[in-house]
*Asks:* 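First, the structure itself, so that you have it in front of you.
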Amino acid sequence: MAKLYVEAVPPADMNKNTEWFMYPGVWTTYILILFFSWLLVLSVLGCSPGMAWTIVNLFHFAITYHFFHWKKGTPFADDQGMYNTLTWWEQMDNGKQLTRNRKFLVVVPVVLYLIASHTTDYQHPMLFLNTLAVMVLVVAKLPNMHKVRIFGINAGN
Amino acid sequence: MVRLPYTTALTTLFSYGLLFAFGQLRDLFRKLLDWFRSKDLKGYAPICLGLEDFYVRRLYLRIQDCFGRPIASAPDAWIDVVERYSNDNNKTLHRTSNSTKCLNLGSYNYLGFAAADEYCTPRVIESLKKYSPSTCSVRVDGGTTQLHAELEELVARFVGKPAAVLFGMGYVTNSAIIPCLIGKGGLLISDSLNHNSIVNGARGSGATVRVFQHNSPSHLEEVLREQIAEGQPRTHRPWKKIIVIVEGIYSMEGELCKLPEIIAVCKKYKAYTYLDEAHSIGAIGKSGRGVCELLGVDPADVDIMMGTFTKSFGSCGGYIAASKEIIQYLKYTCPAHLYATSMSPPAVQQVISAIKVILGEDGSNRGAQKLARIRENSNFFRSELQKMGFEVLGDNDSPVMPIMLYNPAKIPAFSRECLRQNVAVVTVAFPATPLLLARARICISAAHTREDMIKGLEVISKVGDLVGIKYFPTEPPKLAKEAHKKRESSIVAERFCGCDIIGV
């Protein structure tokens, strides 16, 4: 079997918390993790495919919201707390908006929403929960929301 | 530019994701279990936020036994490693009184001065008796002995600059000098893979710091043009001064800096250059004078040359070599000179003797032999590893060779299995290297004999098969010679082609 090689130029990003996202293979890994977790949910719970996609969508919402838009700072003390007021999403690509990585991360929840609502035939209550998830995630990723804290939620150190 | 198999990138990201998920789950359970325990801090703030040391607590501590292994002998070609055991899954480690003799592939002992040497050690012991282990004073008070003055002149002569100044610690040399050279209103442009001491010094100076893509003179030119055109942030006034900082050999990549091209770019835009030769001084170049000699750069073209005595000279401390005016200025302003205790006299004598051996001034040709041996050893080891199918970074002639591991689980597997077979290697992971690119770093020394290296190669090959890091196909023996010749000629061609980029 021919081995596929990729060439990687180490990116000149100083923030080690977000630099790993610029390497090849990240997008594919993300999509594969979503697909395999759908298979896992289907096999463990034995529900309909639509329910499984809804569950994957809601867990994806909870996890990505917590780690991208709630948790602030970096998991190491090396950078002396430079990014302690910025969430992971705000640290990405050094704060530059509308880069390729950011656009990809906005498209993923929307595609998940479309798949989940299509496979559940647009029935309530799944449709309501899915719509809520995608609206919160997309609004949080808009360029106008950079460093915005609504009503001071999550503004503390 | 690193090449890695695509499936390896996917599995590495997935493994890190899994480790991260488990770490977060454990933290969550710890928070739940400690919910009702009273956190009586008596009004004081917590020392660190729970998130800051997540990496250390949940990832590093799991494989803690691969790092920080205590040794019980001088770091020669063979080294005694103390055995340790742990009762609580690597959270705490306890030393035993046993040690195993292992082949040392991890120490920066490039010329073999780390163990007892027939010329250096008697003189060091003599100076220990005469000057005592410490001067107990700072350089400006009573801490400058004859040895210090002699070494400063000798270092300046060795490196090819008019004057030099010494410091007691290599890390401090960078982090205390850079703030003296530049301040607010200045611009520092540093290579993206520079050492932590340079990053620390740059942050402490207050100057604006910009980073250029590793070893890429074209990107350096782009950054310089953009920054000079824009000027200082917000006021857009011109920069007070611009210093470009590069290293001779990058310790995590093993590759040489593209010095001639970078110097040409800096001269074109009138920026100063600062060269950190920590790993290259004494180890490369025909007479050991470092990367300038190897690449044919005149030392007068580099404004400030920095180096350390820890790697090739078997001592401790660092130096800065520059013009007489700069050195005099540094002696009046650098806190490491004014307030720090001076270098220990036996350590100074060790460096003096080592430089004399390298230059041949001790009356023998051991210096030239050592330099030839380290070059042969590095080239032999590197080509053998590449023939076996490992992915080895670094240029020819460089004594540092990282072997790529990538997956986080292969780091402890490689390290522990090698130790079991009596080979001591150093493995490096995130955050010292980028996330995907974990590696085992081999440092070859002139003290390694051919038998030592063959034994090391056998063990690494066996362990590499077990762990699965032979990412490239192995070369059959008869094709190897042609490929070797092709590789050498392509590296020479690359070095000459670099000048085309900037129109020199």
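Lettering of chains follows the sequences in order, A, B, ..., and the numbering in each one begins at 1.
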*Asks:* Do you know which of A:Tyr23, A:Phe21, A:Trp20 makes side-chain contact (heavy atoms from CB on, under 4.5 Å) with B:Leu13?
*Replies:*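 Answer to the side-chain contact (heavy atoms from CB on, under 4.5 Å) test with B:Leu13 among A:Tyr23, A:Phe21, A:Trp20: A:Trp20.
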*Asks:* In terms of heavy-atom contacts, does CZ of A:Arg149 have more than 12 from other residues, nucleotides or ligands at under 6.0 Å?
*Replies:*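 Yes, enclosed.
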*Asks:* Answer yes or no: are there more than 12 heavy-atom neighbours, outside A:Phe59 itself, under 6.0 Å from its atom CZ?
*Replies:*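 Atom CZ in A:Phe59 is not packed in, count stays at 12 or less.
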*Asks:* With a cut-off of 6.0 Å (strictly less than), are more than 12 heavy atoms of other residues, nucleotides or ligands near NE2 of A:His146?
*Replies:*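 More than 12 heavy atoms, drawn from other residues, nucleotides or ligands, come within 6.0 Å of this atom.
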*Asks:* Please look at B:Arg203 and chain A and tell me whether the side chain, the backbone, both or neither of the residue comes under 4.5 angstrom of a heavy atom of that chain.
*Replies:*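 Interface part for B:Arg203: side chain.
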*Asks:* Assess whether atom CZ of B:Phe67 is packed by more than 12 heavy atoms of other residues, nucleotides or ligands within 6.0 Å.
*Replies:*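 Enclosed.
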*Asks:* Tell me, for A:Ile63 versus chain B, whether the close heavy atoms (under 4.5 Å) come from the side chain, the backbone, both or neither.
*Replies:*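 No part of A:Ile63 comes within 4.5 Å of chain B.
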*Asks:* Is a side-chain donor-acceptor pair under 3.5 Å present for A:Thr74 with B:Tyr55?
*Replies:*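 No - no donor-acceptor pair under 3.5 Å links their side chains.
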*Asks:* Other residues, nucleotides and ligands only: do more than 12 of their heavy atoms fall within 6.0 Å of CG on B:Leu28?
*Replies:*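 Count over threshold, so yes.
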*Asks:* Taking CZ in B:Arg62 as the centre, count heavy atoms belonging to other residues, nucleotides or ligands within less than 6.0 Å. Is the count above 12?
*Replies:*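 Check fails, neighbour count at 12 or below.
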*Asks:* Please classify the contact of B:Tyr60 with chain A as side chain, backbone, both or neither, using a heavy-atom distance under 4.5 Å.
*Replies:*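 The answer is neither part of B:Tyr60.
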*Asks:* Which pair of heavy atoms, one from A:Glu19 and one from B:Leu435, lies closest together, and at what distance?
*Replies:*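 For A:Glu19 and B:Leu435, the tightest heavy-atom pair comes out as OE1-N, 4.4 Å.
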*Asks:* If I measure from the heavy atoms of chain B, does A:Tyr30 come under 4.5 Å with its side chain, its backbone, both, or neither?
*Replies:*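 For A:Tyr30, no heavy atom lies under 4.5 Å from chain B.
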*Asks:* To the nearest 0.5 Å, tell me how far A:Ile31 CD1 sits from B:Leu10 CG.
*Replies:*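 Between atom CD1 of A:Ile31 and atom CG of B:Leu10 there are 11.0 Å.
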*Asks:* Answer with side chain, backbone, both or neither: which region of B:Thr433 has an atom nearer than 4.5 Å to a non-hydrogen atom of chain A?
*Replies:*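 For B:Thr433, the backbone is the part near chain A, not the side chain.
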*Asks:* Taking atom NZ of A:Lys71 and atom CD of B:Gln24, what is their separation to the nearest 0.5 Å?
*Replies:*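 One gets 4.5 Å once the value is rounded to the nearest 0.5 Å.
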*Asks:* Please indicate whether B:Phe22 has more than 12 foreign heavy atoms, meaning atoms of other residues, nucleotides or ligands, lying under 6.0 Å from its CZ.
*Replies:*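 Counting neighbours around CZ of B:Phe22, 12 or fewer heavy atoms of other residues, nucleotides or ligands fall under 6.0 Å, so no.
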*Asks:* Between B:Tyr6, B:Phe54, B:Phe14, B:Tyr16, which residue shows the highest count of heavy-atom pairs closer than 4.5 Å to chain A?
*Replies:*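 Of the options given, most contacts go to B:Tyr6.
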*Asks:* Is the number of heavy atoms from other residues, nucleotides or ligands under 6.0 Å of B:Ile47 CD1 greater than 12?
*Replies:*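 At most 12 heavy atoms, drawn from other residues, nucleotides or ligands, come within 6.0 Å of this atom.
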